[in-house]
> 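A single structure is presented below for examination.
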2 protein chains.
Amino acid sequence: MTRPLRADAQRNRERLLEVAAQAFAHDGPQVSMDAIAKQAGVGIGTLYRHFPTREALVEAAYRKELARLCDAAPGLLETMPPDRAVRAWMDLFVEYMSTKRGMADALRAVIASGGNPFAQSRDRLLGAVTTLLHAAADAGSVRTDVRPEDVLVGLGGISLATADPAQAEQAARLLDLLMDGLRHRPT
Amino acid sequence: MTRPLRADAQRNRERLLEVAAQAFAHDGPQVSMDAIAKQAGVGIGTLYRHFPTREALVEAAYRKELARLCDAAPGLLETMPPDRAVRAWMDLFVEYMSTKRGMADALRAVIASGGNPFAQSRDRLLGAVTTLLHAAADAGSVRTDVRPEDVLVGLGGISLATADPAQAEQAARLLDLLMDGLRHRPT
DNA sequence: ACGCTAACCGGAGACTCCTCCGTTTTGCAA
DNA sequence: TTGCAAAACGGAGGAGTCTCCGGTTAGCGT
């Protein structure tokens, strides 16, 4: 299964991603799907076959950049103590989500529908969190009985709840609170 | 300002709320606005004048029940130690949000648009959280430097991020984590 | 009782999302 | 080359959201 795409399909797919990334950056994350399709010179049907939902398109368009976020984790661990690295990465996460506003919505849609369309990025994110948490746990600065999935979903929740740029400080306070929870020693 | 509604407007408003509550309960939170208007025997225009967005309607329809949630706080404080009361109320909050699924979406929309259409319910919720937190702080079981708004938004975030009923356990673990953060003594 | 105006009503219409399916194209096999 | 299925294309259309504005009505002042 998943035989290679036909040449024309491949071309269209790439064109769509290119146009989408540009459109999101230029017109905000709520540009109409029709507009993207038109600009890419394909019909709406084609767009929807490649990306069945708006979220799928957003995810695909941002996948590369999101990978960069994940890849940042090891670097942080090299330049600061593990617990500070965890906290620093959390900031990056929330900042990323609020920059690419469409991302937060996509994230939520996937969370809500327990979706696997996100599986790829999700796994990657989970990997980054796990790495950070393990390092901090080894250093004895966070507890060991917390699941990385929970931390990831928690970060998602904070991003969702503080989507408004005016709430950046509140987001930071919530991250601090989360960190404090992670440091807590169960009695 | 806010002179009393004209008699017919008042009637329509009430009729709409009645029908909406019923429709949400019966057909899920995504029933079409048209359907609600039709069932209430008014035009869509009328519906939208009274409730400018879907979220406003949801909020109004659930306002009473939400008040009950808030009113539950003092009772909890009477029957258990303050910190356990806080935690118990958190469960109620999340459960409520997941029961009235439309509520979570409304909550988010309001958070995102920093809206005051929610102001009424928000104040009430904030009051409940404040009461609980103060009681627990007085008893020395949670720290004193945490803002009730942050806790409320945090609860909202957890609700949003664990909207899927299958994530109930994860929600509980996140609430535990939040509680641990609240208990933490800043060094 | 009766005007009159501010406030309300309601549906047509502009948009968007997404689906469905007849038409077109690709590229393998003969 | 040529034929031909399988795969991809693309737009018409159903459904929904929300806006706009001409028509209607309530209820105050006389």
Side-chain angles (χ1 to χ4, degrees), chain A residues 1-20 23-24 26-61 101-103 105-106 108-110 112-113 115 117-118, chain B residues 1-20 23-24 26-61 101-102 105-106 108-110 112-113 115 117:
Chain A
M1 43 193 58
T2 65
R3 69 177 63 205
L5 280 180
R6 231 168 68 175
D8 53 344
Q10 177 70 19
R11 257 197 316 277
N12 278 337
R13 186 170 210 285
E14 261 153 36
R15 186 92 217 287
L16 280 169
L17 277 178
E18 211 172 294
V19 168
F24 287 140
H26 188 273
D27 301 323
Q30 80 296 12
V31 270
S32 85
M33 299 294 265
D34 289 81
I36 292 176
K38 188 164 291 176
Q39 193 162 359
V42 305
I44 312 101
T46 301
L47 201 179
Y48 274 94
R49 196 161 349 85
H50 283 295
F51 309 101
T53 67
R54 177 188 212 78
E55 284 71 36
L57 177 59
V58 173
E59 196 270 338
R101 278 286 280 98
M103 202 65 194
D105 276 348
R108 174 173 141 284
V110 167
S113 64
F118 237 80
Chain B
M1 48 186 54
T2 65
R3 68 177 64 204
L5 281 180
R6 229 169 69 177
D8 53 342
Q10 177 71 19
R11 255 198 315 277
N12 277 338
R13 187 170 209 287
E14 261 153 37
R15 186 92 218 288
L16 280 169
L17 277 178
E18 210 172 295
V19 168
F24 286 142
H26 188 273
D27 302 324
Q30 80 296 9
V31 269
S32 86
M33 300 294 264
D34 289 81
I36 292 176
K38 189 163 291 177
Q39 193 161 0
V42 306
I44 314 100
T46 301
L47 200 178
Y48 274 93
R49 195 159 352 81
H50 283 295
F51 308 101
T53 66
R54 177 187 213 79
E55 284 70 36
L57 177 60
V58 173
E59 196 269 336
R101 278 285 280 99
D105 277 348
R108 175 173 141 284
V110 166
S113 64

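Chain naming here is simple, since letters A, B, ... match the order of the sequence lines and numbering starts at 1 in each.
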> Could you report the tightest heavy-atom contact between B:Phe51 and B:Ala60, atom names first, then the distance?
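Residues B:Phe51 and B:Ala60, closest heavy atoms: CE2-CB, 3.7 Å.
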> Round to the nearest Å and state the distance from A:Gln30 atom CD to D:dT17 atom C1'.
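So the CD-C1' distance, A:Gln30 to D:dT17, works out to 15 Å.
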> To the nearest Å, how far apart are A:Leu57 CG and C:dT16 C1'?
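Answer to the nearest Å: 15 Å.
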> Between A:Gly45 and B:Arg54, which is nearer to the 5' end of DNA chain D once each is assigned its nearest nucleotide?
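Whichever sits nearer the 5' end wins; that is A:Gly45.
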> Taking atom C1' of C:dC9 as reference, at what distance in whole Å does atom CZ of B:Arg11 sit?
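Distance check: B:Arg11 CZ to C:dC9 C1' gives 12 Å.
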> Rounded to whole angstroms, how far apart are CZ on A:Arg15 and P on D:dG10?
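Atom CZ in A:Arg15 sits about 12 Å away from atom P in D:dG10.
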> Check every atom of C:dT16, C:dT26, D:dT17 against the side chain of A:Asp8 and return the nucleotide holding the closest atom.
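Ranking C:dT16, C:dT26, D:dT17 by closest atom to the A:Asp8 side chain puts C:dT26 first.
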> Nearest to the side chain of B:Met33 - D:dT17, D:dA8, D:dG27?
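Within the option list, the nearest is D:dT17.
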> Separation of A:Lys38 atom NZ from C:dC17 atom P, in whole Å?
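Result: 12 Å.
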> May I ask you to evaluate whether B:Asn12 reaches the phosphate of C:dC8, defined as a side-chain N or O under 4.0 Å from OP1 or OP2?
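Result: no.
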> Can you find a side chain N or O atom of A:His50 that sits less than 4.0 Å from OP1 or OP2 on D:dA8?
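Checking D:dA8 against A:His50, no side-chain N or O comes under 4.0 Å of OP1 or OP2.
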> Between D:dA8 atom P and A:Phe51 atom CZ, what is the distance in whole Å?
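Between P of D:dA8 and CZ of A:Phe51: 13 Å.
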> If you look at every heavy atom in B:Val19 and B:Ile36, which pair is closest and at what distance?
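In this case the closest contact between B:Val19 and B:Ile36 is CG1-O, 3.8 Å.
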> For B:Arg49 and A:Ile44, find the nucleotide of DNA chain D closest to each by heavy atoms; which residue's nucleotide sits nearer the 5' end?
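On the 5' side of the pair lies A:Ile44.
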> Quickly work out the A:Gln10 CD to D:dA7 C1' distance and round it to whole Å.
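Going from A:Gln10 (CD) to D:dA7 (C1'), I get 14 Å.
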> Show the nearest heavy-atom pair for residues B:Leu17 and B:Ala61, with the distance to one decimal.
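Here B:Leu17 and B:Ala61 meet closest at CD2-N, 3.7 Å.
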> Among B:Arg13, B:Glu14, B:Arg6, which one satisfies side-chain hydrogen bond (donor to acceptor under 3.5 Å, both in side chains) with B:Gln10?
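Among B:Arg13, B:Glu14, B:Arg6, the one that satisfies the side-chain hydrogen bond (donor to acceptor under 3.5 Å, both in side chains) with B:Gln10 is B:Glu14.
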> Indicate the atoms forming the closest heavy-atom contact of B:Leu16 with B:Ala40, along with that distance.
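That closest heavy-atom pairing would be CD2-CB, 3.6 Å.
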> OP1, OP2 of D:dG10 versus side-chain N and O of A:Thr46: anything below 4.0 Å?
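Yes.
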> Given C:dT25, D:dC18, D:dA26, which nucleotide is nearest the side-chain atoms of A:Arg6?
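Side chain of A:Arg6 sits closest to C:dT25.
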> For B:Ala37, report the nucleic acid contact type (base, sugar-phosphate, nothing); a contact means any heavy atom under 4.0 Å.
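Here B:Ala37 touches no strand at all.
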> What is the separation between atom CD1 on A:Ile36 and atom C1' on C:dC17, rounded to the nearest whole Å?
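Atom-to-atom, A:Ile36 to C:dC17, this comes out as 12 Å.
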